[in-house]
Amino acid sequence: MQRGRAIPSTTLVNGTLAIRPCFVGARTTLTQADELVDEVLAVGREVVLMNKEAAG
């Protein structure tokens, strides 16, 4: 959300935390869904990198 590319939230699926996409508008495309997946993966990589750097 901070990057302005997608508006994800969270939900529980069978007791497991999951990302729940929020698409606003009737003209949402598969491309926008793919972009959300790409953004989630990019942020995840950044978090892993930050954790590795913090661990030294």
Side-chain angles (χ1 to χ4, degrees):
M1 194 162 83
Q2 289 176 334
R3 298 171 191 230
R5 294 194 49 169
I7 307 169
S9 66
T10 58
T11 190
L12 290 176
V13 177
N14 296 324
T16 300
L17 186 66
I19 296 169
R20 182 176 66 98
C22 176
F23 298 108
V24 179
R27 294 192 170 117
T28 300
T29 65
L30 186 55
T31 298
Q32 290 167 307
D34 287 339
E35 289 172 352
L36 174 61
V37 171
D38 293 342
E39 189 66 16
V40 168
L41 293 173
V43 170
R45 283 188 215 98
E46 289 178 17
V47 169
V48 168
L49 182 59
M50 287 187 318
N51 286 340
K52 285 182 181 179
E53 290 174 353

Contact summary for R20 and T10, nearest pair of heavy atoms: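 The pair with the smallest heavy-atom distance is NE-O, 4.0 Å.
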query: Q32 and R27: which non-hydrogen atoms are nearest, and at how many Å?
result: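 What the structure gives for the nearest pair is OE1-O, 3.7 Å.
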Quick one: [atom1] on [X] to [atom2] on [Y], what's the gap to the nearest 0.5 Å?
| X | Y | atom1 | atom2 | value |
| --- | --- | --- | --- | --- |
| T31 | L36 | OG1 | CG | 12.5 Å |
| L30 | E35 | CG | CD | 10.0 Å |
| L17 | I19 | CG | CD1 | 8.0 Å |
| D34 | D38 | CG | CG | 6.5 Å |

Joint cluster assignment, L49 & V43, ILVMFWY side-chain distance < 4.5 Å: no
